[in-house]
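Please read the structure below before turning to the comments.
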Amino acid sequence: MDKRYQVFVSSTYADLKEERQHVMQALMEMDCIPAGMELFPAADEEQWEFIKKVIDDCDYYLLIIGGRYGSTTKDGISYTEKEFDYAIECGLKVVALLHDLPEDIPFGKSEQDPELRAKLIGFKDKVRNGRLVKSWQSAKELPGLVALSMTKTIKMYPAVGWVRASHVANENILAEINDLRKKNSELQSSLNEISLQQKSAIEGISDIDSTFTVHGKYSSVYRHGYSTQNYTFDSTISWREMFALISPYLVEHPNDGSVTLLLARSLLEREGKIGSSISINDQQFKTITIQFKAYGLIKTTYTQTTQGGMGLFWSLTQKGEQLMIESRVIRNGA
C-alpha cells in the first residue's frame with residue numbers, strides 16, 4: 001500500500017528560508033508530506049492552537065537550528081522550542097539538524113541579544129540530550145542529511161502515515177480476508193483435533209477407569225534431623241483419578257520435569273506419606289504421558305524456553321479441559 005508520512009518542519013523562519021526550501025524539496029522527493037511555518041508565518045497565541053493541531057496530525061518532527069533563537073511567546077520561550085516541547089509531549093520521533101559552526105553564520109542571521117543567545121545554547125543542549133543529532137554547515141548539505149535521517153527513522157520507528165481513501169477500502173478488504181483465513185485455520189485445527197479424539201485408532205486400550213501402579217522413591221529425615229532414610233512407595237490409581245490430580249496444573253503449560261514432580265508429590269500425598277527428593281519411575285512416567293495422549297486428554301509441544309533452551313511442555317486438549325472440569329467441580333450435596 002502506498003503510504004505517505006507527514007513531517008512537521010520546525011525552525012526559525014526569516015533566517016532559514018533557503019534551508020527550509022531545500023528540506024521541503026527533499027521531503028517531497030521522499031513522498032513525504034511537509035508541514036510547517038509556511039502555512040502560518042504569523043506567530044501568536046491564536047495561531048499556536050492551530051499549530052498544535054497540525055503537529056497532532058504529523059508522524060515525525062524535523063528540527064533545523066541555525067543562529068537564531070527566534071521570536072518568543074509571553075512566557076519567554078521561542079515558538080520553535082515550544083513546538084519541539086509539544087512534539088516530544090505527543091511522542092513524535094525527532095530528527096534534529098544543528099548548525100555545526102555557529103561562529104561562521106553571517107552576522108545578520110545570528111542572535112545579537114545576549115539573553116537570546118544564552119537561550120539558544122540552552123535549547124541546543126536540550127535537543128542533544130538523549131537523542132542523536134546531525135550537523136550541517138550549508139543549505140546544500142541538508143537534502144542528503146534529511147534523506148538519510150528520515151529513511152532510518154521511518155524504518156526503525158514506522159508511524160501511522162496517510163493513504164488515499166481508495167486504497168484504504170482495498171486494505172480493509174485484505175485485512176478481513178486475512179482474519180477469515182486465520183479463523184478458518186483455527187476452526188480446521190479444532191475439527192482435526194476433535195476428529196482425532198473421536199477416532200479409536202488403538203484397539204483394546206485400557207478403560208480410563210482401569211488402574212495403573214506407579215512405583216516411586218522419597219527421602220525422610222531420621223532421628224531428629226541427623227540423617228535421612230530412603231524409602232520406596234507404590235500407588236495404584238485409576239487413569240481418571242490420576243488425571244484429576246494433575247490436570248488443573250496443565251492449564252499453566254508446565255514443562256515435562258514439572259509434571260513429573262507434580263505427579264510424584266500428588267501420589268505420595270495420596271498414600272498418606274510425607275517426604276522430600278520425591279521421584280517416580282521414569283519409564284512409567286513415559287507410559288503415563290503416552291496413555292493420556294491416547295485418551296486425547298493432553299498435547300505435548302517441544303518448544304523454546306524463556307532461558308533460550310528447548311523443552312517439552314504439556315497442555316490440555318478440549319476433551320482434557322472438559323474432563324478436568326467434570327472431575328474437579330464441586331457438585332450439590334458434595
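For reference, positions follow the sequence shown, starting with 1. Atoms considered below: every heavy atom in the structure, side chains included; atoms not considered: hydrogens, waters and symmetry mates.
Residues Y295 and Q291 have side chains that bring a donor and an acceptor to within less than 3.5 angstrom of each other. R20 and S11 share a side-chain donor-acceptor pair at under 3.5 Å.
Cluster membership for L62 and M28, using ILVMFWY side-chain heavy atoms within less than 4.5 angstrom, is not shared. Linking Ile, Leu, Val, Met, Phe, Trp and Tyr whenever their side-chain heavy atoms come within less than 4.5 Å leaves L261 and L312 in two separate clusters. The cluster map of Ile, Leu, Val, Met, Phe, Trp and Tyr, joined by side-chain heavy atoms under 4.5 Å apart, puts I325 and L316 in the same cluster. Hydrophobic clustering, with ILVMFWY side chains joined whenever heavy atoms are under 4.5 angstrom apart, groups I237 together with I205. Hydrophobic clustering (side-chain heavy atoms under 4.5 Å, transitive across Ile, Leu, Val, Met, Phe, Trp, Tyr) keeps L92 apart from I33.
A 4.5 Å side-chain heavy-atom check between W239 and I288 finds at least one atom pair inside the cut-off. Between D85 and I77, the closest side-chain pair of non-hydrogen atoms falls below 4.5 Å. Between Y302 and T300, the closest side-chain pair of non-hydrogen atoms is not below 4.5 Å. Taking 4.5 Å as the limit, some side-chain heavy atom of L245 sits within range of a side-chain heavy atom of L267. Here the side chains of L16 and V23 are not in contact, with every heavy-atom distance at 4.5 Å or above. Side-chain contact check for T72 versus L116: some heavy-atom pair is nearer than 4.5 Å. Looking at heavy atoms from C-beta onward, I55 lies in side-chain contact with I51 at the 4.5 angstrom threshold. The closest side-chain heavy-atom distance from L27 to Y60 is not below 4.5 Å.
Between I105 and S110, the closest heavy-atom pair is O-OG, 3.4 Å. Across all non-hydrogen atoms, the minimal contact from C58 to Q6 is SG-NE2, 3.4 Å. When every heavy atom of G66 is checked against every heavy atom of H99, the shortest pair comes out as CA-CB, 4.2 Å. Heavy-atom minimum distance, A96 versus V127: CB-CG1, 3.5 Å. Heavy atoms only, all atoms of each residue included: S219 and N230 are closest at OG-OD1, 2.8 Å. When all heavy atoms of R328 and A244 are compared, the pair lying nearest together is NH1-O, 2.5 Å.
Heavy atoms from other residues, nucleotides or ligands lying under 6.0 Å from NZ of K52 number more than 12. Within 6.0 Å of the NZ atom in K217, the count of heavy atoms belonging to other residues, nucleotides or ligands does not exceed 12. Other residues, nucleotides and ligands contribute only 12 or fewer heavy atoms inside 6.0 Å of the CD1 atom of I274.
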Stepwise, does the side-chain contact (heavy atoms from CB on, under 4.5 Å) test hold for Y5 with M30? CA-CA 9 Å; Y5 297 103; M30 294 176 63; over 6 Å; no
Might you work through the side-chain contact (heavy atoms from CB on, under 4.5 Å) test for I65 and L120, ending with a clear yes or no? CA-CA 9 Å; I65 297 181; L120 177 60; 3.9 Å; yes
Given F8 and Y86, is the side-chain contact (heavy atoms from CB on, under 4.5 Å) satisfied, shown in steps? CA-CA 12 Å; F8 191 91; Y86 186 73; over 6 Å; no
Hey, mind stepping through K134 and L148 against side-chain contact (heavy atoms from CB on, under 4.5 Å) and telling me if it holds? CA-CA 10 Å; K134 296 290 184 180; L148 288 172; 5.9 Å; no
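With salt bridges taken as basic N to acidic carboxylate O contacts below 4.0 Å, one links D125 and R128.
Pairs passing the side-chain hydrogen bond (donor to acceptor under 3.5 Å, both in side chains) check and including a residue from residues 254-276, sequence neighbours excluded, read S235-R270, S235-E271, E241-R270, N255-S258, D256-W314. Applying the side-chain hydrogen bond (donor to acceptor under 3.5 Å, both in side chains) test to residues at least two apart or on different chains, none of the pairs has a partner in residues 153-163. Among residues at least two apart or in separate chains, there is no salt bridge (Lys or Arg N to Asp or Glu O under 4.0 Å) pair with a member in residues 55-67.
With rounding to the nearest 0.5 angstrom, the CZ atom of F212 is 9.5 Å from the OG1 atom of T236. Rounding to the nearest 0.5 angstrom, the gap separating the CE atom in M242 from the CD1 atom in I208 is 10.5 Å. Note that the CD1 atom of I298 and the CD1 atom of I246 stand 7.0 Å from one another [nearest 0.5 Å]. Atom-to-atom distance recorded for T232:OG1 and N281:CG is 12.0 Å, nearest 0.5 angstrom. The CD atom of Q284 sits 10.0 Å away from atom CG of L263, with the distance rounded to the nearest 0.5 Å. Atom CZ in F84 sits 9.5 Å away from atom OG in S10 (nearest 0.5 Å).
At distances below 3.5 Å, at least one donor-acceptor pair connects side-chain atoms of E111 with backbone N or O atoms of Y69. Without hydrogens or angle criteria, Y79 side chain to S71 main chain gives no donor-acceptor distance under 3.5 Å. Put simply, the side chain of K93 never gets that close to the backbone of A159: no donor and acceptor are under 3.5 Å apart. Using modelled atom types, one side-chain atom of W136 and one backbone atom of L97 make a donor-acceptor pair closer than 3.5 Å.
Applying the side chain to side chain contact (heavy atoms under 4.5 Å, CB included) rule to E252 yields no partners; only residues at least two apart in sequence or on another chain are considered. Looking at residues two or more places apart in sequence or on another chain, you find a salt bridge (Lys or Arg N to Asp or Glu O under 4.0 Å) between E81 and K126. Residues passing the salt bridge (Lys or Arg N to Asp or Glu O under 4.0 Å) test with R117, sequence neighbours excluded: none. Every residue was checked against the side chain to side chain donor-acceptor pair (under 3.5 Å) condition with E115, not counting sequence neighbours, and none meets it. By the salt bridge (Lys or Arg N to Asp or Glu O under 4.0 Å) test, D234 pairs with no residue at all, sequence neighbours left out. Take Q322 and apply the side chain to side chain donor-acceptor pair (under 3.5 Å) test, not counting sequence neighbours, and it matches E326. Take S315 and apply the side chain to side chain contact (heavy atoms under 4.5 Å, CB included) test, not counting sequence neighbours, and it matches H253, K299. In this view, D209 and R240 satisfy the salt bridge (Lys or Arg N to Asp or Glu O under 4.0 Å) rule, not counting sequence neighbours.
Relative orientation of the F292 and F243 rings is perpendicular, given thresholds of 30° and 60° on the angle between their planes.
No option in H22, E29, Q25 other than H22 meets the side-chain contact (heavy atoms from CB on, under 4.5 Å) test with P143.
In the hydrophobic clustering, L262 connects to Y249, either directly or through intervening members, whenever side-chain heavy atoms lie under 4.5 Å apart.
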